[in-house]
Amino acid sequence: MDHKKVRVRFAPSPTGGLHLGGVRTVLFNYLFAKQHKGDFVLRIEDTDQTRYVPGAEEYINECLRWCGLTPDESPAAGGPYAPYRQSERKALYRQYAEQLVQSGHAYYAFDTPEELEGMRERLKTPENPSPQYNHVVRQKMRNSLTLPDAEVQELLAKNTPHVIRINMPANEELIFTDMVRGEVTFNTNQVDDKVLLKADGMPTYHLAVVVDDYLMKITHAFRGEEWLPSAPVHLLLWKYLGWEADMPQWAHLPLILKPDGNGKLSKRDGDRLGFPVYAMNWTDPRSNEFTKGFRELGFLPEAFINMLVMLGWNDGTEQEIFSLEELIRKFSIERVHKAGAKFDFEKAKWFNHQYLVRKDNESLAALFQPVLAEKGITADPAYVATVAGLVKERCHVINEIWDHGFFFFQTPLSYDEASVKPKWNADKEAFFTAWSEQLASLSSFTAPELEASFKALAAEKNIKMGELQLPFRIMLTSGKFGPPVFDIAATLGIEETKARIAKGLEAFK
RNA sequence: GCCGCGUUGGUCAAGGGGUUAAGACGCCUCCCUUUCACGGAGGAAUCACGGGUUCGAUUCCCGUACGUGGUACCA
C-alpha cells in the first residue's frame with residue numbers, strides 16, 4: 001500500500017441541526033483518523049445557496065466541540081488547504097468541469113428547468129416513474145452533444161444559462177471495493193448524466209466532493225449509505241480527471257433507522273416518539289421551529305458518543321463501555337455492520353446512566369446547576385454535589401437529578417397522605433414530637449447518628465422502625481421515593497429536618 | 001418501475017459448516033431494601049422463506065420475500 005498520511009473529512013451542508021447519524025459519521029471519521037495519527041478535516045458543503053441556513057455552521061462547530069471531536073482543519077481553525085467552505089472555493093470548480101468538457105467526459109446543457117420538467121412528464125410511465133437524463137434521453141435535449149457547434153458557441157457567447165453534465169458512458173460495469181461492504185458493482189446505464197456545475201456557477205456535490213477530496217488529499221472517504229448509488233459518478237470523475245491513483249478508499253456507513261421501522265431516523269420521529277435526534281437544541285432561524293437536543297436533555301457527551309459507536313460497531317467482545325481513547329485504539333472499520341440499526345432510546349438512556357453513575361459528584365453538580373438556575377434556585381456547590389451523589393444512580397439524564405431530588409431544594413407542599421394516614425396514630429405523632437426535640441442533643445447530625453437515635457427512641461416507645469420510617473420519608477420528601485431517609489435528613493440539616501417534621505405532623509393530623 | 005445495499009430474540013448484537021446460537025437494553029419472577037433505585041439470581045424470546053452444495057447448513061451458492069437507500073441545477 002502507500003504511506004500517505006491518513007486524512008479524512010466530514011462534509012456536512014449547513015442546512016440545520018446536526019443529526020445523530022451525522023455525529024456518528026463524524027465519530028467514525030475521527031476514530032479512524034486518530035488511530036492512524038492522521039488528520040480530521042471539517043469541510044462545509046454550502047453549494048446550495050437556496051438551502052443555506054444562518055447559524056448552522058456555528059451549530060455544527062459547537063456540536064463537535066461538545067462531543068470532543070474537534071477537527072484539525074476547518075473553516076474556523078483554518079489549515080493548509082483553506083478555504084474549507086465550498087462557497088469560498090467557487091472559482092476553483094469551473095476549470096475542472098471545463099476540462100471534462102474538453103476531454104469529452106462532460107457537456108454543456110442548455111435545457112431550462114421547465115424543459116426538464118416537460119421531459120420528465122412526457123417520458124413518465126407506470127414502469128418508469130422517474131425518467132433520467134441519460135445516454136438515450138440526452139440525444140433529444142438541448143446540449144452541446146445535440147446542437148451544432150456554432151450554436152453552442154453562440155449560446156455560450158451570449159451567456160445563456162447552462163449547466164455542465166457528466167457524459168455517462170453506456171453499459172459499463174463499474175466495480176469498486178467498499179471498506180464496509182466489500183466489492184460493489186454498478187452498471188452505468190442506471191445512472192444519469194448528473195449535473196456537475198450548476199447554472200449559477202456553483203458545483204454540485206458530485207463535482208465538489210471529488211475536486212475537494214483530491215485537492216485536500218483525502219485518503220479515506222466515509223459517508224452514509226445513501227451515497228452508495230452515486231458512487232459510480234464519483235468513481236468516474238476521479239478517473240476522467242486523471243486522479244485515479246489518488247482516489248480515497250470509500251466506506252459507506254449503515255444508516256440509523258426509525259425505532260418503529262420504515263425509514264431513516266428523522267427529527268420528525270424524535271418529536272413523534274419523544275426523544276431527541278439532534279445533538280443539541282436547534283431553532284430554525286427561518287421558521288422558528290424548535291428541535292430539542294441530547295445535550296440539553298441532560299446527556300453526557302462521552303455517553304452520547306459511546307452509544308453512537310455501538311450502533312453499528314463492536315469490538316467482538318462483551319465490552320460496551322468505551323472511553324474515547326479506548327475507541328481510538330480499538331475501532332476498526334472492518335467490524336462496522338453492513339445493515340442499518342434501529343435507534344433505541346431506552347438503550348441510549350442506559351448508556352447515559354452508566355456514565356452518570358461513574359461521574360464524580362462535583363462534575364455532576366456543575367452540570368446540574370444550570371437546571372437549578374432555570375428554576376430560580378441558587379445552591380451551594382458542595383450541597384448540590386452531595387445531592388447528586390445521593391440520587392445519581394436513579395437518574396438516566398442530568399435533568400432527572402431534579403426529578404429524584406427536588407425535595408433537597410424545596411420543602412414539600414403536599415404529601416402522599418394516602419400512604420401515611422390510614423396507619424397514623426397518636427403514638428407515632430408523639431414519637432416524632434419527642435424525636436424532633438432530642439435532635440439538638442445529637443453529637444453530630446449525620447446519618448448513622450440519626451438512625452441510631454431514631455432506632456433507640458422507637459424501641460423505647462415500642463414502635464416498629466418500618467412503621468416510622470415511611471412517614472418520616474414522606475415528611476421529608478412528600479412521597480415514597482428517594483435515597484435512604486437518614487441520608488436525606490443529614491443532608492437537609494437539623495433546622496430543615498425539624499421544620500419538615502413539624503409541617504408533616506400538621507398535615508397528617 | 002428500475003438499480004444498489006441489506007436480513008441472527010421486540011431492539012443493539014457475537015458467532016460463522018457440526019455450539020446447550022454469547023452478551024447488552026427492554027420485559028417478567030425472585031432476593032436485597034419496611035421508599036424509589038443500584039445490585040444479585042433466574043425466566044420468556046432469535047438464525048425471513050424456498051431450493052441447492054455437503055455426511056452435515058444459521059453459516060457457502062442461487063432464487064423469492066421483506067426492509068432500506070437512490071432515481072433533483074439537494075446534500
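Just so we're on the same page: letters track the sequence lines, and every chain starts at 1.
Atoms CG (A/Asn134) and P (B/rG1) sit 19 Å apart, rounded to a whole Å. In this structure, A/His252 atom NE2 and B/rG6 atom P are separated by 13 Å, rounded to whole Å. With rounding to whole Å, A/Leu468 atom CG is found 14 Å from B/rU35 atom C1'. Straight-line distance from the CG atom of A/Asn187 to the P atom of B/rC5: 12 Å, rounded to whole Å. Distance, A/Glu318 CD to B/rG23 P: 7 Å, rounded to whole Å. Rounded to an integer number of Å, the gap from NZ of A/Lys338 to P of B/rG16 is 13 Å. A/Asp46 places its CG atom 10 Å from the P atom of B/rA75, with the value rounded to the nearest Å. Taking atom CD1 of residue A/Ile474 and atom C1' of nucleotide B/rC36, one finds them 12 Å apart after rounding to whole Å.
Note on A/Met465: a base of the nucleic acid sits closer than 4.0 angstrom, heavy atoms only. Looking at heavy-atom distances under 4.0 Å, A/Pro254 makes no contact with the nucleic acid at all. At the heavy-atom level, A/Ser419 lies nowhere under 4.0 Å from the strands shown. A/Val184 comes within contact range of the sugar-phosphate backbone alone, with a heavy-atom separation under 4.0 Å but no base atom that close. Contacts of A/Asp111 with the nucleic acid, taken as non-hydrogen atoms under 4.0 Å apart, include base atoms.
Position along RNA chain B of the nearest nucleotide to A/Pro12 versus A/Arg394 favours A/Arg394 as the more 5'-ward residue. Where A/Arg181 and A/Glu467 meet RNA chain B, the nucleotide closest to each residue was compared, and A/Arg181 sits on the side nearer the 5' end.
In this view, A/Asp260 and A/Arg272 satisfy the side chain to side chain donor-acceptor pair (under 3.5 Å) rule, not counting sequence neighbours. Checked against side chain to side chain donor-acceptor pair (under 3.5 Å), A/Thr411 has the following partners two or more places apart in sequence or in another chain: A/Glu496. With sequence neighbours excluded, the residues forming a salt bridge (charged side-chain N to carboxylate O under 4.0 Å, His left out) with A/Arg89 are A/Asp212, listed by chain and number. With sequence neighbours left out, A/Arg473 forms a salt bridge (charged side-chain N to carboxylate O under 4.0 Å, His left out) with no residue at all. With sequence neighbours excluded, no residue satisfies salt bridge (charged side-chain N to carboxylate O under 4.0 Å, His left out) with A/Arg223. Legend: residues meeting side chain to side chain donor-acceptor pair (under 3.5 Å) with A/Tyr415, ordered by chain and number and at least two apart, are absent. Shown here are the side chain to side chain donor-acceptor pair (under 3.5 Å) partners of A/Lys421, two or more places apart in sequence or in another chain: A/Glu417.
Salt-bridge annotation for A/Asp48 and A/Arg51: present, with a side-chain N of the basic residue lying under 4.0 Å from a carboxylate O of the acidic one. A salt bridge does not link A/Lys198 with A/Asp200: none of the charged nitrogens is closer than 4.0 Å to a carboxylate oxygen.
Proximity of a side-chain donor or acceptor of A/Thr188 to a complementary backbone N or O of A/Pro169 within less than 3.5 Å is detected.
Counting heavy atoms from C-beta outward, A/Leu236 and A/Leu174 have side chains that approach closer than 4.5 Å.
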Dot-bracket assigned to RNA chain B with the 3.5 Å Watson-Crick/G-U criterion, [ ] for crossing and | for other-strand pairs, is (((((((..(((.....[....))).(((((.......)))))....(((((..]....))))))))))))....
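Distance noted for atom P between B/rG52 and B/rA57: 11 Å (whole Å). Using C1' as the reference atom, B/rA65 and B/rG23 are 30 Å apart when rounded to the nearest Å. Taking atom P in both B/rG15 and B/rC32, one finds a spacing of 39 Å when rounded to whole Å. Taking the C1' atom of each, B/rU54 and B/rG70 are spaced 39 Å apart, rounded to whole Å. Nucleotides B/rG9 and B/rA24, compared at atom C1', are 13 Å apart to the nearest Å. Rounded to whole Å, the C1' atom of B/rC25 lies 16 Å from the corresponding atom of B/rA44. Atom name P, nucleotides B/rC5 and B/rA45: the rounded distance is 36 Å, in whole Å. With both ends at atom C1', the span from B/rA72 to B/rU53 equals 46 Å, rounded to whole Å.
Residue A/Lys90 qualifies as enclosed at atom NZ: its count of foreign heavy atoms under 6.0 Å is above 12.
For residues 164-187 of chain A, the set of pairs meeting the salt bridge (Lys or Arg N to Asp or Glu O under 4.0 Å) definition, not counting sequence neighbours, comprises A/Arg181-A/Glu225.
For B/rC74, the OP1/OP2 oxygens have no side-chain nitrogen or oxygen of A/Ser13 closer than 4.0 Å.
Relative ring orientation between A/Trp313 and A/Phe331 is described as tilted, the plane-to-plane angle lying within the 30° to 60° band. Ring planes of A/His252 and A/Phe176: perpendicular class, angle over 60° (limits at 30 and 60°).
Under the 6.0 Å cut-off for aromatic ring centres, A/Tyr205 and A/Trp227 qualify, their centroids lying closer than that.
Under the 90° criterion around 0 for the glycosidic angle, B/rC27 counts as anti.
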For nucleotides 64-72 of chain B, which of its nitrogen or oxygen atoms have a protein nitrogen or oxygen under 3.5 Å away, and what is each distance?
| from | atom 1 | to | atom 2 | distance (Å) |
| --- | --- | --- | --- | --- |
| B/rU68 | OP1 | A/Asn262 | N | 2.7 |
| B/rU68 | OP1 | A/Asn262 | ND2 | 2.7 |
| B/rU68 | OP1 | A/Gly263 | N | 2.8 |
| B/rG69 | OP1 | A/Lys264 | N | 2.8 |
| B/rU71 | O2' | A/Gln132 | NE2 | 2.6 |

For nucleotides 10-14 of chain B, give me every protein contact, N/O to N/O, under 3.5 Å, one pair per line with atom names.
| from | atom 1 | to | atom 2 | distance (Å) |
| --- | --- | --- | --- | --- |
| B/rC12 | OP1 | A/Lys342 | N | 2.9 |
| B/rC12 | O2' | A/Met310 | O | 3.3 |
| B/rA13 | OP1 | A/Gly312 | N | 2.8 |
| B/rA13 | O3' | A/Asn314 | ND2 | 2.9 |
| B/rA13 | O3' | A/His337 | NE2 | 3.2 |
| B/rA14 | OP1 | A/Asn314 | ND2 | 2.8 |
| B/rA14 | OP1 | A/His337 | NE2 | 3.2 |
| B/rA14 | OP2 | A/His337 | NE2 | 2.6 |
| B/rA14 | O3' | A/Arg335 | NH2 | 3.4 |

Atom pairs, protein N/O to nucleotides 42-46 of chain B N/O, distance under 3.5 Å:
none

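In this structure, the nucleotide among B/rU35, B/rU34, B/rG1 sitting nearest to the side chain of A/Pro129 is B/rG1. In the set B/rC74, B/rG26, B/rU35, the nucleotide with an atom closest to the side chain of A/Arg51 is B/rC74.
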